[in-house]
Amino acid sequence: MVDFGYGSVKTNNFDLDTAKTELASYLAANDATFNLCIACGACAATCTASKFTNFSFRNLTNQIRRGEEESSKKEAAKCMLCGKCTLVCPRNVNTRNIILLIRETVQTIHR
Amino acid sequence: MDKSVAVIGGGVAGIETAAELGKLGYKVMLFERDSELGGNVRNWDRLFPSRRPAKEVVENALASLNGGISIYASTSISSIKKENGAFTIHSSDSKQFQAQAVVLTTGFELFPAEKKEEYGYGIFENIITSRELEKMFSDYGKPRMTNGKPPHRVAFIHCVGSRDEKVNRPYCSKVCCITAVKQAIEVKEAIPTAEIFCFYMDLRMFGHGYEQLYKEAQVKGVNFVRGRLSETSEAAEGRVIIKVEDTLASKPMRLTTDMVVLMVGMTPATGTDKILQSLGLKTNEDGFAPVKDVHLASTQMGVEGVFIAGACSGPNNITDSINEARSAALQVHGYLNGE
Amino acid sequence: MYPEQGPVWDWIRDNAEQILPKVGANYKGDGPGAMRKIPQEDIDELHRIFEVSGGLDWFNKIEDFSAQKAKEMGLDIGTGKDSEYFKEVYNTNNQEKHSKQ
Amino acid sequence: MKIEGKRNIWKAYQKEIADDDYYYVRSCIRQNFFPGSETTFLRILREVLKKNVYDDQHHTTCTGIAYHCEVVPFETIMTVVGRKFALMKESGFRNFVPSCVTSFGLYTEILDTWEHHPKVEEKIHENLKLATGRNFNVPNNLAHTSDIIFKFREEIAQQAKYKLINKATGKPLKVVDHIGCHYAKMFPAKGVGGAEYPYVLAGMVESWGGEVIDYPERRHCCGFGFRQYMVNANRGYSLSASKKKFESMEPFKPDFIISNCPGCGFFFDRWQYALAEMEGKTYGEDGYGIPSLTYEEVAGLVLGFDPWEMGMQLHQVTVDPLLDKMGIAYNPDDKFKGINKEDLGRPESPKNLRFYK
């Protein structure tokens, strides 16, 4: 193949036709509160880890819903499991449990 | 009592106003341009938030109409003239009626979805309006595609003809969010394996029981994505591709769907502007009929003796329309008794 | 500079005098037509338009600030295609956003 | 798809197109890339439709490419455009017909600016007077050259020697149309059929026997985008936009692409070559590309013009299989011959994109 000094760029879109949503389905099936997020961001606002890293529980779970599973294990590892997010969540999402489920299952899904 | 009141428009607000005025003993003329009473609610299968059959509400209202009420169906009102404290109502077939007070209950029409050209309504298959989905529920108990099969992926598009200056509808139509949530649950119940998406800009769950219904939809697995539809297109196999941004992730998103439901907003009923003109009134900035005072006189108008109820003054739900109807009836009663 | 134009482009350039007239072009010719020579008086008019409408000032500003930026980046501003600064802007600057991933 | 829905939209977007006496303005890109298309336009107007067209040697670039690359300010381009209007006035014409979609978009934008801000127009009159001593009037009618061909599509159909039909199967050719962004996206009312479902090219294809294919990325920009392409570092962005379109149209197996914009038509041709050479991917049948044609070339084929006099040998995606499909009588040996039938040798064959039979 010839190198013209540039190349085609991959799409930046979420493509829900090809997205891997296995993890999202697993989480929804194993924690009924997974779907209840209303994206208020209170979890991220109060998060200890978010003060020093770009960790956001809201963003992590949204990314998982869009099929961005690969990075989720690394992201979930940033959580310190302090539980403050569970305390503030207005929808009673069991955030701590969901983080633990992600940590466990990412390994079984992406061996 | 020989005082007569003209009620213009026979949807739920008009029927309720007429019924209340009838109970108070007035001679009521209820004008409806359609051949049947009931207005937009007649085209709905079930109502949010309780999902009761829509016809119950219409039937209940109709049952409360008594003998003092004359119904003029298939009668379109073109103008109202006030002279010496009394009103002459002109119909478009050149009939005239006299009344001492008037209540405007001309309601709304659904936004014509084809005006959002890029949404492909009327062009691509299986793009329907919220009203057409209601009809599918009435006719078959579930949505079905043009090939007769059930859809496996359904996208609800909020704010079609609402909050959109491009189509001159800058206002929120209030009831579409909760209607989408209700319909999403109904589709999910009718076709449990279907994947459902709601694309919203804000979810405006203001009424009693609405937020709970939203949560019920989440529990049932309806996906809510914050972002407005930009355009639809047709894939090779005739499915519909939609493009939105997941604004919470700051990333564009595309997906192929079997059916797209456009949550069409409320638009002022055609002809209301002419009636307003004949009364020397102008529409408000959204094109609806203006109330006298949004806080203190929301069922009165700028002309003494003319009252208003329901969605002709702006998007409304049934609860508020019925309450306004009752309020307007009391206001009429006070006016005719010199209060 | 334009590898994507392909071998047909090279062939057209090599045979411009023979192939362009065949397709009706007035290649470098006087009078109207595609690829004609623009008369000098018209070019002069364009130049005066650029003078009175700010176009020339704009060009000069671009040149001045480019020279300043080149200095800042430690590149030779030079002239034409051989300018180091041009090469940087043309081939590399912002490439990660558009072309290479 | 429900064609009636599109027809309703088409009905709503009709524009006024003058029917004769045109002041013709060439396009920088087109006269270099498709000189034969501009020749064909004039030939169709003069010889087939018997129209009066003035081809002025004194008009110049509109500076639109530079304007879109942000190296020419708005006031300068408006004054250059004012000069073109002045030349038209002096020649006694009133109907302005540019060959370039970007120019067309700019004229539309400038006329709209002047309409809403008459002081700006005044300033441009002063500028032009000062710089050249010339005066201008705004045109009575502004239409793109594709609008003109659209207007006379039925007249062309009546004189057709060929139809957009596969001669072997008798079925209509499948055509994807691409409209330059600046044709109607900025001012939908100024484009035949509006911005979402433009009819200007679809109408030609319909009238000449072809079938228009609507594919998911039809509205997507070709990606040329002036500075995206001009700067090599950004060129991958331009390439990727076209690639997105090729991938989207590929499943529909189009017989050719028709476009009305200089950049789009040219890059649909060249990017197919680049993608074939860079990534090994071809989008047409049997290792060929999908031919990318101008509307003049399509009209010329329909009218039985010689493809090599229209410059169709200048395409990198070879058009020969399409000519064969349509059953067009052409001489393959003349393809690479010069004005005096002299043999010019043959272009080198690309490695991955099939160029020769």
Side-chain angles (χ1 to χ4, degrees), chain C residues 1-12 14-15 17-27 30-39 41-59 62 87-101, chain D residues 26 30-32 35-36 38-40 42-43 55-61 63 71-73 75-76 78-80 83 124 127-128 130-132 134 228 231-237 239 270-271 273-274 308-311 313-316 336-340 342 344-350 355:
Chain C
M1 283 175 82
Y2 306 101
E4 63 282 348
Q5 302 299 359
V8 157
W9 189 246
D10 297 334
W11 179 83
I12 298 167
D14 292 345
N15 299 290
E17 307 280 354
Q18 291 81 30
I19 192 66
L20 294 173
K22 181 174 172 181
V23 302
N26 178 17
Y27 185 47
D30 296 322
M35 309 181 85
R36 70 197 183 281
K37 200 169 93 193
I38 302 288
E41 75 246 42
D42 297 325
I43 292 176
D44 293 344
E45 277 192 28
L46 276 202
H47 197 271
R48 286 200 297 277
I49 287 175
F50 270 67
E51 277 174 347
V52 305
S53 64
L56 218 54
D57 289 344
W58 187 267
F59 278 1
I62 292 170
K87 277 185 192 159
E88 165 67 23
V89 170
Y90 186 72
N91 291 316
T92 317
N93 188 38
N94 263 340
Q95 191 180 42
E96 70 286 356
K97 284 190 202 151
H98 298 286
S99 282
K100 294 257 166 164
Q101 271 191 343
Chain D
R26 289 178 185 276
R30 297 191 93 222
Q31 60 180 305
N32 278 284
E38 294 203 336
T39 308
T40 305
L42 290 176
R43 209 179 136 194
D55 183 12
D56 188 347
Q57 70 159 323
H58 294 289
H59 88 78
T60 64
T61 170
T63 71
V71 295
V72 160
E75 191 175 324
T76 298
M78 284 194 289
T79 314
V80 173
R83 178 177 181 271
I124 301 307
N127 280 355
L128 188 69
L130 191 65
T132 69
R134 295 182 196 270
Q228 276 86 271
V231 176
N232 187 63
N234 300 347
R235 215 165 274 169
Y237 179 89
L239 170 80
R270 295 310 204 262
W271 287 141
Y273 158 75
W308 314 140
E309 282 176 24
M310 292 196 290
Q313 67 278 49
L314 309 188
H315 293 234
Q316 186 64 69
F336 299 114
K337 284 185 178 160
I339 177 98
N340 300 313
E342 67 276 36
L344 302 177
R346 284 148 63 102
E348 193 188 314
S349 176
F355 188 67

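Since we're looking at a predicted model, the values are computed, not measured. Just so we're on the same page: letters track the sequence lines, and every chain starts at 1.
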State, to 0.1 Å, how close C/Trp58 and D/Val71 come at their nearest heavy-atom pair, and which atoms those are.
CD1-O, 3.1 Å
Stepwise side-chain contact (heavy atoms from CB on, under 4.5 Å) test for C/Phe59 and D/Val72
CA-CA 8 Å; C/Phe59 278 1; D/Val72 160; 4.2 Å; yes
Which bit of C/Leu20 comes within less than 4.5 Å of chain D, counting heavy atoms only: side chain, backbone, both or neither?
side chain
Can you tell me which portion of D/Trp308 sits under 4.5 Å from chain C's heavy atoms? Options are side chain, backbone, both or neither.
both
D/Asn32 versus chain C, heavy atoms under 4.5 Å apart: side chain, backbone, both or neither?
both
Shorter than 4.5 Å, heavy atoms on both sides: which option in D/Arg346, D/Lys337, D/Gln316, D/Glu348 has the most such pairs with chain C?
D/Gln316
Is D/Thr40 close to chain C through its backbone or its side chain, or both, or neither, when contacts mean heavy atoms under 4.5 Å?
neither
Per-residue tally against chain C (heavy atom, under 4.5 Å) across D/Arg43, D/Glu342, D/Arg30, D/Met310 peaks at D/Glu342
Leading residue by heavy atom contact count with chain D [cutoff under 4.5 Å; candidates C/Ala25, C/Gly55, C/Gly33]:
C/Gly33
For C/Tyr27, is it the side chain, the backbone, both or neither that has a heavy atom under 4.5 Å from a heavy atom of chain D?
neither
Selection from C/Gly31, C/Pro3, C/Pro21 maximising heavy-atom pairs under 4.5 Å formed with chain D
C/Gly31
For C/Trp11, the ring-ring contact (aromatic ring centres under 6.0 Å, His included) test, sequence neighbours excluded, returns D/Phe336
For the pair C/Leu46 and D/Thr61, evaluate side-chain contact (heavy atoms from CB on, under 4.5 Å) and give the outcome as yes or no after the intermediate values.
CA-CA 10 Å; C/Leu46 276 202; D/Thr61 170; 4.3 Å; yes
Heavy-atom cut-off 4.5 Å, strictly under: side chain, backbone, both or neither for D/His59 against chain C?
both
OG1 (D/Thr39) and CG (C/Asn26) are apart, to the nearest 0.5 Å, by 10.0 Å
Pair D/Arg83, C/Ile49 - check side-chain contact (heavy atoms from CB on, under 4.5 Å), show working.
CA-CA 9 Å; D/Arg83 178 177 181 271; C/Ile49 287 175; 3.8 Å; yes
Point-to-point distance, once rounded to the nearest 0.5 Å, from CG of D/Asn232 to OH of C/Tyr90:
4.5 Å
To the closest 0.5 Å, what do you measure between CD1 (D/Ile339) and CD (C/Glu17)?
12.0 Å
If you tally heavy-atom pairs under 4.5 Å between each of D/Glu75, D/His58, D/Glu38, D/Gln313 and chain C, the highest tally belongs to D/His58
Toward chain C, the part of D/Leu239 with a non-hydrogen atom under 4.5 Å
neither
Please determine, among D/Val231, D/Thr132, D/Leu344, the option with the most heavy-atom pairs under 4.5 Å with chain C.
D/Leu344
Taking C-beta and beyond as the side chain, do D/Trp271 and C/Glu4 meet within less than 4.5 Å on heavy atoms?
yes
Any idea which heavy atoms bring D/Leu314 and C/Val8 closest together, and the distance?
O-CG1, 3.2 Å
Heavy-atom pair with the smallest gap, counting every atom of C/Val52 and D/Ala131:
CG2-CB, 3.8 Å
Going by heavy atoms in the side chains, are D/Pro73 and C/Ser53 under 4.5 Å from each other?
no
Side chain / backbone / both / neither for C/Asp10 at chain D, heavy atoms under 4.5 Å:
neither
Under a 4.5 Å cut-off applied to non-hydrogen side-chain atoms, are C/Trp9 and D/Arg270 in contact?
yes
Going from CG on D/Asn340 to CD on C/Gln18, what distance comes out if it is rounded to the nearest 0.5 angstrom?
8.5 Å
Note: D/Gln57 and C/Pro39 closest approach over all heavy atoms is OE1-CG, 3.6 Å
Contact origin within C/Glu51 toward chain D - heavy atom pairs under 4.5 Å:
neither
Go through C/Arg48, C/Lys37, C/Met35 and name the one with the most non-hydrogen pairs under 4.5 angstrom from chain D.
C/Met35
